[in-house]
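First the proteins, then the strands, lettered A, B, ... as listed; each starts at 1.
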Amino acid sequence: MPELPEVEVTRLSFVNRIAGAKVLSLHMGKPLRWPLGCAPQGLAGRTVRGVRRRGKYLLIDLDRGLLLLHLGMSGSLSFAAHMPAAGVHDHFDLVTTKGTLRLNDPRRFGAVVYAESEDASEAVKLLGRLGVEPLSDDFDVDRFHAGLKRRKAAIKQVLLAGNVVVGVGNIYACESLFRAGINPKTAAGKISRARYDKLAEAIRDILAAAIVQGGSTLRDFIAVNGQSGYFQQTYFVYDRAGVPCRNCSAPVRQIKQGQRSTFYCAVCQR
DNA sequence: AAAAGCCCCTGGATGC
DNA sequence: TGCATCCAGGGGCTTT
């Protein structure tokens, strides 16, 4: 579920509370996407230095090593000084001196992986192929445009792949392409520099606005503070199949691209 | 190298 | 009410 804004809102909600805490214990429930990659008891005594985000991954820095955490489709984190007993979908608890960080993930597409450093193979395997951060200064339109010149795949799927720009999932890909007026089926290499300008701006604006609004609330997403997001109230196309386009009133279309639903307006997006 | 398909898994919505 | 089917915020891996 969680795309970049939801992951970032999650990070912001507990980073200040967990920083400086000492790890007391670590507990795993049912298997997640990958094994943890170390003995859980081996992390006891380490200190949490901070929490960073890279794409949709959260990086929990310890005084030695780090935990890479991914929420998959249905994962959510909570942090509390007094955590209730684990439920059936709670599959990871990091118990610290300041509270417990818990991953609830019904579908278990999420992951928690330990790596000795960001350069260790376990980390490189997950982070190495990731594209540029859309909210950083590195997200440069010239490179965005140039890097996609020879790509024949549909722009929607190029965005989703995450090896050019990270963090743009199904919702924000649909919304960004609508904002930029680009048909999601257009080959990435056939889009002009001027339109990439609009697309980059749309991605930045929409992601930033979604973070400010607390992310999207879908089936599973609730931020750590228990507040749900409000971004979904401003969808223009996502999950609006057949509903009149907010801009031109033509019915929003739903198609499949690479086993994922795409929503778009055939009039506004050409 | 790039593109397309295939999975992993559970639960909610819909339809008969 | 019960049961089958479809669909869902991701993304690594395998196959073309």
Side-chain angles (χ1 to χ4, degrees), chain A residues 1-11 29-35 37 53-58 68-77 87-92 103-113 121-131 147-176 184-190 203 206-207 210-211 213-223 228-235 237-242 254-263:
Chain A
M1 123 294 155
E3 302 184 29
L4 186 150
E6 292 75 29
V7 176
E8 181 63 12
V9 168
T10 297
R11 187 186 74 84
K30 284 189 185 177
L32 294 167
R33 182 161 189 177
W34 297 294
R53 181 190 55 73
R54 178 73 179 97
K56 297 171 191 168
Y57 284 92
L58 286 177
L68 293 94
L69 207 146
H70 199 289
L71 302 178
M73 288 277 259
S74 58
S76 61
L77 286 175
V88 282
H89 299 308
D90 296 326
H91 302 305
F92 166 80
L103 173 67
N104 179 277
D105 185 5
R107 292 177 74 180
R108 291 189 281 125
F109 291 170
V112 183
V113 174
S121 62
E122 296 82 6
V124 171
K125 195 178 85 172
L126 301 181
L127 307 177
R129 53 171 281 284
L130 295 183
L148 293 175
K149 266 195 172 132
R150 268 170 278 283
R151 297 288 295 272
K152 295 183 175 174
I155 183 63
K156 159 79 178 334
Q157 292 179 268
V158 169
L159 290 179
L160 272 193
N163 48 8
V164 179
V165 195
V166 292
V168 183
N170 208 26
I171 294 174
Y172 299 110
C174 291
E175 294 298 317
S176 299
K185 292 182 285 189
T186 312
K190 292 181 66 178
I203 290 171
I206 286 174
L207 292 180
I211 290 171
Q213 292 172 64
S216 293
T217 300
L218 292 155
R219 288 172 187 80
D220 309 302
F221 182 69
I222 297 173
S228 42
Y230 288 92
F231 186 79
Q232 81 284 356
Q233 294 173 14
T234 66
Y235 289 165
V237 286
Y238 185 81
D239 203 23
R240 288 172 53 83
Q254 178 174 7
I255 60 171
K256 285 281 185 204
Q257 290 182 287
Q259 350 283 113
R260 311 290 300 276
S261 280
T262 296
F263 301 87

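Within 4.0 Å of A:Q254, counting heavy atoms only, lie sugar-phosphate atoms of the nucleic acid but no base atom. In this structure, A:R108 reaches the sugar-phosphate backbone alone: every heavy-atom distance under 4.0 Å involves primed, P, OP1 or OP2 atoms, never a base. A:G169 comes within 4.0 angstrom of the backbone, heavy atoms only, and of no base.
Comparing the same atom, P, in B:dC9 and in C:dC3 gives a spacing of 24 Å after rounding to whole Å.
Formation of a donor-acceptor pair under 3.5 Å by the A:Q257 side chain with backbone atoms of A:Q157 is not found in this model.
When all heavy atoms of A:A154 and A:P184 are compared, the pair lying nearest together is CB-O, 3.4 Å. Shown here for A:G87 and A:D90, the closest heavy-atom pair between the two residues is N-OD2, 2.6 Å. Contact between A:S261 and A:K256 at its shortest, heavy atoms only, is OG-NZ, 3.3 Å. A:L4 approaches A:R53 most closely through the heavy-atom pair CD1-NH1, 3.3 Å. Nearest heavy-atom pair, A:R54 versus A:G131, reported as atom, atom and distance to 0.1 Å: NH2-O, 2.8 Å. Nearest heavy atom pair, residue A:I171 against residue A:E3, reads N-OE2, 2.8 Å.
Taking only side-chain atoms of A:R129, from C-beta outward, the nucleotide of C:dG12, C:dG10, B:dA4 with the closest atom is C:dG12. With B:dA4, C:dA8, C:dG11 as the choices, the nucleotide that has an atom nearest any side-chain atom of A:Y238 turns out to be C:dA8. If you check B:dT10, C:dG10, C:dA8 against the side chain of A:K30, the one that comes closest is B:dT10. Closest to the side chain of A:P106, out of C:dG12, C:dA8, B:dG11, is B:dG11. For A:A153, counting side-chain heavy atoms from C-beta on, the closest listed nucleotide (B:dA4, C:dC13, B:dT10) is B:dA4. For A:K256, the side-chain atoms get nearest to C:dC7 when compared with the rest of C:dG12, C:dG11, C:dC7. The side chain of A:R151 has B:dA2 as its nearest neighbour among C:dG11, B:dA2, B:dC6.
C:dA8 atom P lies 12 Å from atom CG of A:L160, rounded to whole Å. As a whole-Å value, the separation of A:H91 NE2 from B:dT10 P is 8 Å. Across the protein-nucleic acid pair, A:D239 atom CG and C:dC7 atom P stand 13 Å apart, rounded to whole Å. Whole-Å rounding puts the A:K185 NZ to B:dA4 P distance at 14 Å. Atom pair A:F263:CZ and C:dC7:C1' shows a separation of 10 Å (rounding to whole Å applied). With rounding to whole Å, A:L148 atom CG is found 9 Å from B:dA3 atom P.
For the pair A:Q259 and B:dC6, the criterion of a side-chain N or O lying under 4.0 Å from OP1 or OP2 is met. Within the 4.0 Å cut-off from OP1 or OP2 of C:dG10, not a single side-chain nitrogen or oxygen of A:H70 is found. Residue A:S74 places none of its side-chain N or O atoms closer than 4.0 Å to OP1 or OP2 of B:dC9. For A:K56 and C:dG11, the shortest distance from a side-chain N or O to OP1 or OP2 is below 4.0 Å. Look at A:H89 and you won't find any side-chain N or O under 4.0 angstrom from OP1 or OP2 of B:dC9. A close approach under 4.0 Å does occur between a side-chain nitrogen or oxygen of A:R260 and OP1 or OP2 of C:dG10. Residue A:Y57 places at least one side-chain N or O under 4.0 Å from the OP1 or OP2 atom of C:dG12.
Stacking of A:F109 onto the six-membered ring of C:dG10 is present: less than 5.5 angstrom between centres, less than 30° between planes.
One finds the CG atom of A:L71 at 6.5 Å from the CG atom of A:L103 (value rounded to the nearest 0.5 Å). To the nearest 0.5 Å, atoms NE2 (A:H70) and CG (A:D105) are separated by 10.5 Å.
Residue A:R107 places a side-chain atom within donor-acceptor reach of the base of B:dC9, judged by atom type and a 3.5 Å distance cut-off alone.
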(request) Using a 3.5 Å limit on both pairing distances, list the dot-bracket string of DNA chain C from the 5' end; Watson-Crick and G-U wobble pairs count, crossing pairs take [ ], interstrand pairs take |. (result) .|||||||.|||||||
